[in-house]
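Written out below as structure tokens is the structure these notes cover.
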Number of protein chains: 2
Amino acid sequence: MSKSTSKSITLKEVAEAAGVSVSTASRALSGKAEAYRISSATEQSVRDAAKKLQFSPSLLARSLRSQQTKLLGVVLPNVANPFFAAIAREITLAAEADGYSVLLTDSQENSETEARLVEQLQARQIEGLVVCPVGMEEAHLCQLARQKLPLVLIDRGFNNRELVTVTSDHQSGARAAMNELLEAGHRTIGILQGMPETLPNRERLSGVKESLESCGLDFDSSLIAGHHFDEASGYQAALHLLSTRPEITALFAFSNQNALGALRAASERGRAIPDDLSLIAFDDFPFAAYLAAPLTSVSQDVNQLGQVAARLLLEQIRSSVPPQQKQYRIPVQLIRRSSITKIG
Amino acid sequence: MSKSTSKSITLKEVAEAAGVSVSTASRALSGKAEAYRISSATEQSVRDAAKKLQFSPSLLARSLRSQQTKLLGVVLPNVANPFFAAIAREITLAAEADGYSVLLTDSQENSETEARLVEQLQARQIEGLVVCPVGMEEAHLCQLARQKLPLVLIDRGFNNRELVTVTSDHQSGARAAMNELLEAGHRTIGILQGMPETLPNRERLSGVKESLESCGLDFDSSLIAGHHFDEASGYQAALHLLSTRPEITALFAFSNQNALGALRAASERGRAIPDDLSLIAFDDFPFAAYLAAPLTSVSQDVNQLGQVAARLLLEQIRSSVPPQQKQYRIPVQLIRRSSITKIG
DNA sequence: TTGAAAGCGCTAACAT
DNA sequence: ATGTTAGCGCTTTCAA
């Protein structure tokens with residue numbers, strides 16, 4: 001009944017077992033035998049000892065000594081959201097392939113939490129950070145960049161063109177969506193927006209405006225409702241719009257969760273989609289084609305988003321210089337299904 | 001144009017600024033002033049210096065010294081899968097609330113990758129680990145547990161009753177699903193299974209068998225197809241079943257992705273759901289109610305799954321002793337919608 | 001009430 | 001070709 005609290009093996013023990021000094025052991029194991037002209041006999045005996053003892057070097061100690069943690073930080077507003085989950089995965093995979101590990105955190109869509117998490121990640125000496133910022137406050141992030149911490153903003157961002165940002169082409173996406181509605185004859189279109197202060201939301205709104213203007217229509221702000229990208233906001237906004245402006249013939253939801261809320265509201269109001277109400281949404285999702293009204297949507301290439309962010313971060317770390325180009329726009333794609341009816 | 005490579009402030013610098021020794025500084029800042037009877041004047045001057053210099057202690061150094069990393073490891077088969085993403089989130093949130101950070105990794109549904117990731121996490125001296133194991137090989141995980149590393153298995157697991165495992169009550173869930181179909185008069189039911197060797201799959205199969213037997217029906221293995229929990233497997237399995245056993249009147253998909261595949265297959269084969277084919281699935285999802293055939297499903301409480309796992313892990317770390325109870329079953333819930341037709 | 005010093009496990013400059 | 005030593009930044013024993 002030995003309660004072996006198996007402390008882990010240290011380099012020193014390996015060195016002793018092999019009858020050499022720790023430095024020799026270190027060199028033999030980190031592939032520097034060649035460079036230090038260590039005899040292959042010695043090298044082998046160190047390797048054997050290490051294997052026999054199941055030695056696994058303490059990355060903690062190594063990091064402290066080398067000041068390289070091989071750690072990346074990721075701060076996302078909601079890890080459970082499939083959109084962000086996909087981003088987390090791409091970053092994780094790319095990191096792993098490069099010998100990095102990722103500390104994943106969830107800011108819960110809250111600025112103070114985000115700030116605290118970033119500090120904590122810094123205290124762990126991460127070598128790079130990707131964040132999808134919650135608020136409109138960019139100061140703390142700019143400071144990170146000025147401290148030479150490789151930083152990449154994803155999805156959301158700021159007008160500050162100095163921070164490396166990768167996000168979708170929201171404006172053309174929104175334009176395409178509106179054009180689709182306009183071409184089908186819709187003239188009173190309700191907008192279910194997400195968080196108003198975020199870059200994606202602002203740019204989608206610009207796209208909406210552009211599209212309207214190119215049709216000679218004007219932008220009626222009483223046709224916009226919503227405050228968040230979640231289901232509840234979509235539901236409330238749709239309910240509000242449908243009762244204040246019953247003449248609405250189509251809804252443009254700024255996220256698939258907003259669309260989900262719209263579906264609930266429409267069903268409660270007895271407005272069948274697409275017959276009594278057309279719907280289009282930003283963000284495609286797996287079941288979109290199998291809905292009662294197969295949903296026409298603007299699909300973001302979320303994998304691409306994550307991959308590009310990861311690549312930019314890793315390159316920045318490797319070269320210790322921020323990329324020339326700061327703004328990266330990932331194209332979106334309009335997926336036509338049948339949630340839009342022709343009218344007029 | 002000063003290119004300040006702002007090295008971060010160390011405790012030593014704070015001590016110097018405050019005119020005290022590092023030990024005093026350390027004590028003052030880690031709330032041990034009281035215990036060490038440090039004068040409040042000294043304490044304050046240390047705090048002031050720390051604040052002025054924006055001191056942030058190196059968690060790396062602290063961890064090395066104290067042998068406590070405040071790091072948790074999480075290994076999931078696919079972080080982008082909403083089911084696992086939700087788990088990741090719950091663990092992250094609970095960890096954060098307890099001062100822990102989480103290293104998130106993705107095994108890509110591959111055993112060797114999983115093993116490598118676990119080793120790497122160990123090298124980083126994580127204090128606890130939650131893994132959703134890929135294969136049927138439990139040896140390496142048992143060893144971790146024997147090395148006294150707090151470990152919690154989530155979703156999947158083994159028959160080994162010694163490893164702390166939290167998973168859904170797959171068997172009753174599957175029984176409920178089958179009963180629903182049987183009560184509606186279905187007698188030839190195709191099973192779209194997931195990865196055959198996983199615990200959830202095996203237990204769901206048991207539930208299916210039980211339900212069949214209690215009806216006096218026997219379990220026909222030619223009515224089972226599929227090899228993975230993803231869309232492709234569901235699609236192929238459904239296609240296969242629908243052509244080899246065209247008399248099938250209902251399909252039970254073992255995951256919502258499998259159900260998605262079934263939807264595609266059914267649509268290609270011209271079998272309308274629910275009129276020409278009934279469908280039920282394990283795992284609910286947000287849009288299930290708005291499908292062309294609102295999907296009846298067995299809903300897993302994934303948040304609960306994650307929360308329980310996190311709690312068990314954290315408690316294990318705190319008390320340095322594994323919980324009495326090893327097996328945790330989270331209840332599932334049958335959600336009736338209208339993808340099942342009465343027949344016969 | 002405070003300081004000096006050891007040491008966590010590793011790497012690398014400086015000896016031989 | 002290998003060993004000695006210093007030190008990464010912190011906590012904590014031991015001394016005063």
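Because only heavy atoms are used, hydrogens play no part in the values below, and waters and symmetry mates are left out as well, while side chains stay in. Order of the sequence lines fixes the chain letters, A, B, ..., with proteins taken first and strands second; residue numbering starts at 1 for each chain.
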Item to check | Residue whose closest nucleotide on DNA chain C lies nearer the 5' end, B:A61 versus B:R37 | outcome: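 Closer to the 5' end of DNA chain C: B:R37.
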Would you mind reading off the distance between [X] atom [atom1] and [N] atom [atom2], rounded to a whole angstrom?
{"X": "A:E16", "N": "C:dG9", "atom1": "CD", "atom2": "P", "result": "12 Å"}
{"X": "B:L11", "N": "D:dT12", "atom1": "CG", "atom2": "P", "result": "12 Å"}
{"X": "B:E13", "N": "D:dC8", "atom1": "CD", "atom2": "C1'", "result": "13 Å"}
{"X": "A:R124", "N": "D:dG9", "atom1": "CZ", "atom2": "P", "result": "17 Å"}
{"X": "B:L53", "N": "D:dG9", "atom1": "CG", "atom2": "P", "result": "15 Å"}
{"X": "B:Q125", "N": "C:dC10", "atom1": "CD", "atom2": "C1'", "result": "11 Å"}
{"X": "B:L64", "N": "D:dG7", "atom1": "CG", "atom2": "P", "result": "17 Å"}

Does [X] have a side-chain nitrogen or oxygen under 4.0 Å from the phosphate oxygens OP1 or OP2 of [N]?
{"X": "A:K12", "N": "C:dC8", "value": "no"}
{"X": "B:K32", "N": "D:dT12", "value": "yes"}
{"X": "B:S58", "N": "D:dC10", "value": "no"}
{"X": "A:Q67", "N": "D:dG9", "value": "yes"}
{"X": "B:S21", "N": "C:dG3", "value": "yes"}

Checklist entry - Within the structure shown, what part of the strands sits under 4.0 Å from A:R62 by heavy-atom distance: base, sugar-phosphate, or nothing? => result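 Sugar-phosphate, backbone atoms only, no base.
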Checklist entry - With a non-hydrogen cut-off below 4.0 angstrom, is B:S26 in contact with a base, only sugar-phosphate, or nothing? => result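 Touches a base.
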Checklist entry - Counting only N and O atoms by type, is there a donor-acceptor contact under 3.5 Å from the side chain of B:E114 to the main-chain atoms of B:V134? => result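 Here the side-chain-to-backbone pair exists.
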Nucleotides 14-16 of chain C: which of its N/O atoms have a protein N/O under 3.5 Å away?
none

Side-chain donor-acceptor pair under 3.5 Å between [X] and [Y], yes or no?
{"X": "B:Q307", "Y": "B:N303", "result": "no"}
{"X": "B:T42", "Y": "B:S39", "result": "yes"}
{"X": "B:D48", "Y": "B:Q44", "result": "yes"}
{"X": "A:Q125", "Y": "B:S58", "result": "yes"}
{"X": "B:T167", "Y": "B:T165", "result": "no"}

Checklist entry - Is there a donor and acceptor pair, one atom on the side chain of B:R65 and one on the base of D:dT11, closer than 3.5 Å? => result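 Flag set: donor-acceptor pair detected.
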Next on the checklist: Looking at the base of C:dA4, is there any donor atom on it, or on the side chain of B:S23, that sits under 3.5 Å from an acceptor on the other one?
Outcome noted: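 When only heavy-atom distances are counted, B:S23 does reach the base of C:dA4 through a donor-acceptor pair under 3.5 Å.
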Checklist entry - Below 4.0 angstrom, N of the basic side chain to O of the carboxylate: do A:R27 and A:E43 qualify? => result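 Salt bridge flag = no for A:E43 with A:R27.
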Next on the checklist: Out of the candidates A:T113, A:L76, A:V75, A:V79, only one should pair with A:D106 under the side chain to side chain contact (heavy atoms under 4.5 Å, CB included) rule; please name it.
Outcome noted: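 The residue from A:T113, A:L76, A:V75, A:V79 that satisfies side chain to side chain contact (heavy atoms under 4.5 Å, CB included) with A:D106 turns out to be A:V79.
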Checklist entry - Knowing that exactly one of A:E197, A:E109, A:E137, A:E138 qualifies, which makes a salt bridge (charged side-chain N to carboxylate O under 4.0 Å, His left out) with A:R156? => result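 Of all the options given, the one that passes is A:E109.
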Checklist entry - What distance separates B:S63 OG from A:L59 CG, expressed to the nearest 0.5 Å? => result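 So the gap between those two atoms works out to 12.5 Å.
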Next on the checklist: Just to be sure I understand the geometry, which residues of residues 39-52 of chain B put a non-hydrogen atom under 4.0 Å away from DNA chain C?
Outcome noted: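 Listed by number, they are B:S39, B:T42.
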